[in-house]
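What follows is a single structure, written as structure tokens, with notes after it.
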Amino acid sequence: MSSNREIFLDGLRLNNTGPMALFGVCPLLAVTSSLITGLALGLATTIALVFSNFTVSVVRGRLRPEIRIPAYALIIAAVVTVIQLLMQTWFFDLYQVLGIFVPLIVTNCAIMGRAETFAVRNSPLPSMLDGFATGLGFCLVLVLLGTTRELLGKGTLFSHGELIFGAPGNAWQLAVLPDHYGFSLALLPPGAFMCLGFLMAGRNWLDSCRAGGERPGQAVRLRQHVPLESS
């Protein structure tokens with residue numbers, strides 16, 4: 001069995017469901033218009049992953065193979081419904097902003113995928129760690145996209161912080177680019193596609209450099225100076 005460190009790094013970096021598998025691409029594009037909304041949906045998805053993985057791991061010995069997928073779907077739906085009801089109770093304004101994308105967490109293939117590939121084969125504690133790491137990686141992608149799009153589109157950070165942090169969050173907004181008139185394309189779906197594309201390109205570049213044992217920035221220069229072998 002993998003160590004806890006390997007489980008955490010695998011979920012956080014190697015199997016990040018945002019830029020690599022493109023699971024949950026709909027919220028990636030629709031909800032990440034600001035840092036706060038990206039963070040909120042990322043945290044909700046992380047909680048859903050942790051508790052669904054835990055539940056699947058606990059009941060894995062009692063599930064017949066032919067009903068395991070419907071059982072996973074019911075477990076995930078129950079967890080997401082609890083999150084939705086709690087959000088409606090304690091963060092109603094935030095729930096109104098996120099709208100349909102909270103119940104759509106149920107359809108995120110990453111949650112079903114981790115239940116099928118990891119939780120059903122491991123004990124509860126490693127399964128919860130795997131869910132936390134996978135959700136954290138997805139949350140970081142949402143936050144990174146939200147930060148980039150908010151900076152380009154508005155020139156601010158932490159706008160509408162009161163949606164998560166209450167009244168004190170109003171004072172947290174930062175005008176990073178005070179004279180910025182806004183790049184509206186960054187706040188629209190095409191801007192989200194472009195930001196996600198650049199994120200995927202950067203991830204692939206870093207992976208290729210790491211696989212070749214090269215530091216980022218040296219790969220192109222090294223290839224330019226490699227002499228051709230004579231036939």
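Numbers here are sequence positions counted from 1.
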Taking only residues two or more places apart in sequence or in another chain, which ones pass side-chain contact (heavy atoms from CB on, under 4.5 Å) with [X]?
X	result
Leu63	Val59, Ala71, Tyr72
Pro189	none
Leu74	none
Arg62	none

Exercise: identify the closest heavy-atom pair between [X] and [Y]:
X	Y	answer
Ala48	Ile105	CB-CG2, 4.0 Å
Met128	Val50	CE-CG1, 3.8 Å
Pro124	Ser57	N-OG, 3.0 Å
Ile164	Ala40	CD1-CB, 3.9 Å
Cys195	Arg149	SG-CG, 3.9 Å

*About how many Å separate CG of Leu136 and CG of Leu43, when rounded to the nearest 0.5 Å?*
9.0 Å

*Between atom OG of Ser34 and atom CG of Leu142, what is the distance when rounded to the nearest 0.5 Å?*
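That separation rounds to 11.0 Å.
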
*asked:* Any side-chain to backbone donor/acceptor pair from Arg114 onto Ser127? Under 3.5 Å, distance only.
replied: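 No; zero donor-acceptor contacts below 3.5 Å.
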
*asked:* With salt bridge (Lys or Arg N to Asp or Glu O under 4.0 Å) as the rule and sequence neighbours excluded, what pairs involving residues 67-77 come up?
replied: Arg68-Glu116

Compile the donor-acceptor pairs under 3.5 Å between side chains in residues 91-100 and protein atoms, sequence neighbours left out, one pair per line.
residue: Tyr95; atom: OH; partner: Gln84; partner atom: NE2; Å: 2.7
residue: Tyr95; atom: OH; partner: Gln88; partner atom: NE2; Å: 3.3

*Can you sort out the partners of Phe165 under ring pair (Phe, Tyr, Trp, His ring centres under 6.0 Å), two or more places apart, ordered by chain and number?*
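Ring pair (Phe, Tyr, Trp, His ring centres under 6.0 Å) list for Phe165, sorted by chain: Trp172.
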
*Can you tell me which residue pairs pass the side-chain hydrogen bond (donor to acceptor under 3.5 Å, both in side chains) test with a partner in residues 183-195, sequence neighbours excluded?*
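Listed once each, the pairs would be none.
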
*Does any pair with a residue in residues 42-55 pass side-chain hydrogen bond (donor to acceptor under 3.5 Å, both in side chains), and if so which ones, sequence neighbours excluded?*
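Passing the test, one end in residues 42-55: Asn53-Asp130.
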
*Shared hydrophobic cluster, Val102 / Leu85 (ILVMFWY, side-chain heavy atoms < 4.5 Å)*: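 No, because Val102 and Leu85 fall into different hydrophobic clusters, even though each may have its own neighbours under 4.5 Å.
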
*Who are the side chain to side chain donor-acceptor pair (under 3.5 Å) partners of Thr156, not counting sequence neighbours?*
Glu150

*asked:* Taking side chain to side chain donor-acceptor pair (under 3.5 Å) as the definition, give me every residue that meets it alongside Ser33, ordered by chain and number, with sequence neighbours left out.
replied: none

[X] vs [Y] side-chain heavy atoms within contact, under 4.5 Å:
X	Y	result
Val56	Ile75	yes
Val143	Leu35	yes
Ile47	Val79	no
Lys154	Leu187	yes
Leu185	Pro190	yes

*Show your working on side chain to side chain contact (heavy atoms under 4.5 Å, CB included) between Phe158 and Ile36 and close with a plain yes or no.*
CA-CA 6 Å; Phe158 294 102; Ile36 290 295; 4.1 Å; yes

